[in-house]
Each structure stands twice: as C-alpha cells, then as structure tokens.
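Quick notes on the structure that follows.
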Amino acid sequence: MPQTAASYWDIFCTVVDNYGDIGVTWRLARQLANEYQQPVRLWVDDLHSFQRLCPALDPALSEQQIDNVLIGHWNDPFPANWQLGKVVIEAFACELPRSVQQTMQQMEKPPVWLNLEYLTAESWIDDCHGLPSRQHHLTKYFFFPGFSARSGGLLCENNLFAERDRWQQQNNLRQQFCCERDLLPPQENELFVSLFSYENSTLPALLDCWQQSPTPVRCLIPAGRSLNSLRTLLPADVCQAGGRWQQGALTLEVLPMTDQAGYDRLLWSCDFNIVRGEDSFLRAQWAARPFLWHIYPQEADAHLEKLQAFLQRYTQNMHAGLAAAVQRLFIHFNQEQSPELKQTWSELQIFWPEWQKQARHWPQTAFAGGNLASQLVQFVEKQLECCA
Ligand SMILES: Cc1cn([C@H]2C[C@H](O)[C@@H](COP(=O)(O)OP(=O)(O)O[C@H]3O[C@@H](C)[C@H](O)[C@@H](O)[C@H]3O)O2)c(=O)[nH]c1=O
C-alpha cells in the first residue's frame, strides 16, 4: 500500500438492490482518487453486482486495486488488522461495521465521519446539508447532494463535459456507434432513444407511439428490468442482449450492460434517454439531451413529491407550453397512465427543438451547488483544520 493507513478515505457501501448505491460510490471514489489525489478504499458487500458496472473487478478477491481505488470486500467480521483512515463515509445510511464504530469511539482523534445522503431537488435539504449529529463523543455530518446553492452539489467528473462535447461533435457518430456494437446502421432522421427504467406498464404504449411515428425510431435497451414490462409483447429471444425487433417505424435492440463510461457514451449518442434512480438520472442530464426520469418508487408515493421538486427546478426556464408538456410526460410515466402518456408524447413533438436547446443549457443551471467531490474535499479539510 503506497499510502499510510491514516491518510485514507474509507467509503462504505451496501448494495441494497439495483446498481445506484454502488454506481454513485464507485464514481465518487474514482473522482476523489484521480482528480483530488486522495487515497481511497471502497468497502462493498456485494462484489457480483459491482462487477456489472466494473467488468475488471474479480468478485473472488477480498482486496484489489482498480483505477487507483483500493476495493475491499466488506465481509462480516470486518478485518481485525485494519486501521482507520482520516475520513469515513457511510453511503446512504448504511450501518458501519460494529468494530469500526467501536474503534472510532475509542480514538483520541477520530476520522471525519460523514453520511452521504440520496440526491433530491427538495428545498428542505438546504437547512440540513452539513449538519452535525452527536454520536456519544463523536460527530457525524450529513452531506446532501443537490441542485441548490446551499446543497452539497452534484457528482460530475471535471473533464466530463469536454469529453461529451468531443463525442457528440464527431462526424458519423451514430454510424460508428452502431457499427462498433453490431447494431443496424442508422437511418436518416432516425430518433435514437435509450431505455433504462424499472418495470413500467406504460412501456408498451410508448413502443406503440414509436411504431406509428412518421420518422424512424431506434430504441436501445440495456438488458434489465425494462424488458420485464415488454415480455408479453416481444418474442423471448428478443429479451436478451443481442435481441432485435422491428415493427412499423420502430427498431428495438437489446444491449449488454457495459461499464459506466460505456453507458455515458450510449446516453451521449441518443436523442432521448429514459433513465431511473439516482446516477443514470444525473448522467442523462449531463448528456445534455431531453430525457425522462423513472424515479425509484417509495412507500405511500413519497417519491412523487421528490419528482415534483425536480420538475419545478428543471422546467423553471422553459416557456409555459414546453414546461407543462414535460411535466405531464414525467408524471404520466411515473403514474403509469398509458393513454395520457401517448397523448403527451404526440403533443411534445412540436416542442422538440426548444427542449433540445433547454437540455443543452440545463447542466449549468443544475450546478448551482457546485461539484460534489470538490465540496466534500473542502468540507473534510475544514473539519480536519478545526480538530488539528
Ligand atoms: C444500463 C447501465 C447502467 N450503468 C450504471 C449507471 C449507474 O451508475 C447505475 C444505475 O444506477 P441508478 O441509475 O441510480 O439506478 P438503480 O435503480 O440501479 O439504482 C437505485 O438503487 C436504489 C437502491 C436507490 O435507492 C435508487 O436511488 C437508485 O440509485 O448503473 C452502467 O454502468 N452500465 C449500464 O449499461
């Protein structure tokens, strides 16, 4: 290990379900290591899920280094010979191993302890971001990612927009994209759509809109949960990576899951992206193209408030017609109202150039709180100075 144990940032992640928790922590860990030169250890309980986003990972290893991040398999009991670093991040309120908590309690100079919260556009986080909470003689801080100036900001690599622009400005971008992935060559005026959602009963209705479109539509689906809502419509052999289906104006193709960089390139190459959860939701915004968010459903429809809070910010600079149509699109999709969704899709067509323009400007507006990794580094430095 090139660093002394005391200089490490230790990030703890439990994979609840899906890929969002590991997707966010893996992205943050790499950014801290490669852009802020912080030594990082990422502790993950489920290496098999992690491998889906990071094919270089070997789930059989208890420790490995990838992209300058030390990855540890978070097993019970936690390694006894392990020494705490200078920062401990529990991602999304995962509970730290008991031995880690006990060691922290006994230390004269414990690490800076943070809980990284889920991203939300709701304004209540402004009063909660950075708040301390006493835990016996220790302090835990709550770090809230968000879209407002008083939030912890958003995850975004420093060179991302330059890379995206280079990609999107390439000549024959679509041609090359399709050729490298064994997809059918693009047609003239073809609308490219990516689809990475949860199960949703409106998906057949959307496919129906695209089949009847006056211009060709290509729907690219990374193999996963979206297909569960299309199984009654599609032949079984289509519902797997490599599957292809053509009907009317629509060509549907199923892709294998790739690493996160590959997924960004898919988003950058499409005209419209259907995304979900937390991380793909943000990546679609960074792609600077129109998108649709399938929010992670919560009990008692708590997620609908979160959705409204985002829509309010996202549509604030749009003219009234576009704003209303985008809001209806997101709401009808998330409330699974197929006839209304179809109607809204057709109404949206006249606003398309305006939405494209807005989507290009949106990343600058979204960044009111700055870059999350840089905010975290500053926050930690401040706490370390206070305790020095
Ligand atoms: C389709 C695809 C996705 N990905 C990545 C992008 C993201 O990092 C990750 C998907 O994460 P999300 O978009 O957040 O959606 P998700 O539904 O997988 O994760 C969710 O998990 C729940 C437990 C959380 O509570 C939710 O907030 C949410 O984060 O997968 C790839 O790397 N390659 C791919 O081919």
Side-chain angles (χ1 to χ4, degrees), residues 1-16 21-22 24-47 50 61-118 125 128-145 152-153 155 372-388:
M1 233 182 265
Q3 310 285 339
T4 62
S7 61
Y8 270 95
W9 288 56
D10 287 296
I11 304 178
F12 288 85
C13 173
T14 50
V15 177
V16 177
D21 296 348
I22 183 57
V24 169
T25 47
W26 174 225
R27 197 180 288 294
L28 172 65
R30 276 177 300 160
Q31 210 185 342
L32 289 169
N34 297 313
E35 294 180 11
Y36 298 88
Q37 287 71 51
Q38 302 295 323
V40 182
R41 291 182 293 210
L42 176 59
W43 299 95
V44 183
D45 64 342
D46 175 359
L47 295 181
F50 189 1
L61 296 178
S62 60
E63 196 180 292
Q64 57 202 299
Q65 173 121 6
I66 302 177
D67 262 356
N68 300 317
V69 174
L70 197 62
I71 296 164
H73 190 188
W74 176 3
N75 254 332
D76 218 15
F78 206 66
N81 57 355
W82 174 73
Q83 275 187 300
L84 276 166
K86 67 176 180 185
V87 186
V88 167
I89 299 182
E90 49 181 52
F92 313 118
C94 69
E95 204 184 329
L96 294 179
R98 189 170 292 272
S99 61
V100 171
Q101 294 189 42
Q102 281 164 353
T103 311
M104 289 208 295
Q105 293 291 350
Q106 287 152 13
M107 286 168 85
E108 202 182 315
K109 261 195 180 175
V112 178
W113 182 14
L114 296 154
N115 181 31
L116 176 66
E117 297 287 339
Y118 284 114
I125 63 157
C128 301
H129 171 60
L131 282 189
S133 149
R134 283 307 274 179
Q135 314 274 321
H136 303 288
H137 82 279
L138 295 174
T139 305
K140 172 156 87 174
Y141 295 93
F142 292 91
F143 200 94
F144 281 87
L155 260 186
L372 185 138
S374 119
Q375 280 231 45
L376 254 182
V377 170
Q378 285 169 32
F379 187 89
V380 163
E381 275 168 7
K382 210 163 118 200
Q383 301 312 321
L384 289 171
E385 271 167 29
C386 291
C387 305

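Within 6.0 Å of CD in Gln105 there are more than 12 heavy atoms belonging to other residues, nucleotides or ligands. Atom NE2 of His136 has 12 or fewer heavy atoms from other residues, nucleotides or ligands within 6.0 Å.
The backbone N or O of Arg30 lies less than 3.5 Å from no partner atom in the side chain of Arg27, so there is not a single donor-acceptor pair. The backbone N or O of Glu63 lies less than 3.5 Å from no partner atom in the side chain of His73, so there is not a single donor-acceptor pair. Looking only at distances, a side-chain donor or acceptor of Asn34 sits under 3.5 Å from a matching main-chain atom of Asp67. Checking side-chain atoms of Asp46 against main-chain N and O of Thr14 turns up no donor-acceptor pair under 3.5 Å.
Rounding to the nearest 0.5 Å places NZ of Lys140 at 7.5 Å from CD of Gln101. Distance CD/Gln106 to CD/Gln102: 7.0 Å, rounded to 0.5 Å. Rounded to the nearest 0.5 angstrom, Trp43 CH2 and Cys94 SG are separated by 13.0 Å. Rounding to the nearest 0.5 Å gives a distance of 6.5 Å between CG of Leu116 and CD1 of Ile89. Atom CG in Leu96 sits 6.5 Å away from atom CH2 in Trp74 (nearest 0.5 Å). Distance check: Lys86 NZ to Ser7 OG gives 6.5 Å after rounding to the nearest 0.5 Å.
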- [ ] Begin with the C-alpha distance, continue with both residues' side-chain angles, and end with the deciding distance and a verdict on side-chain contact (heavy atoms from CB on, under 4.5 Å) for Phe143 and Leu376.
- [x] CA-CA 8 Å; Phe143 200 94; Leu376 254 182; 3.8 Å; yes
Stepwise side-chain contact (heavy atoms from CB on, under 4.5 Å) check, Ile71 with Trp26:
CA-CA 9 Å; Ile71 296 164; Trp26 174 225; 3.9 Å; yes
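Here the shortest heavy-atom pairing between Pro132 and Thr139 reads CB-CG2, 3.4 Å. The two atoms that bring Leu84 and Asp10 nearest to each other are C-OD2, 4.3 Å, heavy atoms only. Taking every heavy atom of both residues into account, Leu42 and Ala29 meet most closely at CD2-CB, 4.3 Å. A pairwise comparison of heavy atoms in Ala93 and Asn115 identifies N-OD1, 2.9 Å as the closest pair. Here the closest non-hydrogen pair linking Gln383 and Tyr141 is OE1-OH, 3.0 Å. The nearest pair of heavy atoms linking Ala33 to Val69 is CB-CG2, 4.1 Å.
Remark: aromatic rings of Phe142 and His129 are distant, center separation not under 6.0 Å.
Looking only at side-chain heavy atoms (C-beta outward), Trp82 and Thr103 stay at 4.5 Å or farther from each other. Annotation: side chain of Tyr118 is in contact with side chain of Asp21 (closest heavy-atom distance under 4.5 Å).
With respect to Val87, the side chain to side chain contact (heavy atoms under 4.5 Å, CB included) criterion is satisfied by exactly one of Phe379, Trp9, Tyr8, Trp113: Trp9.
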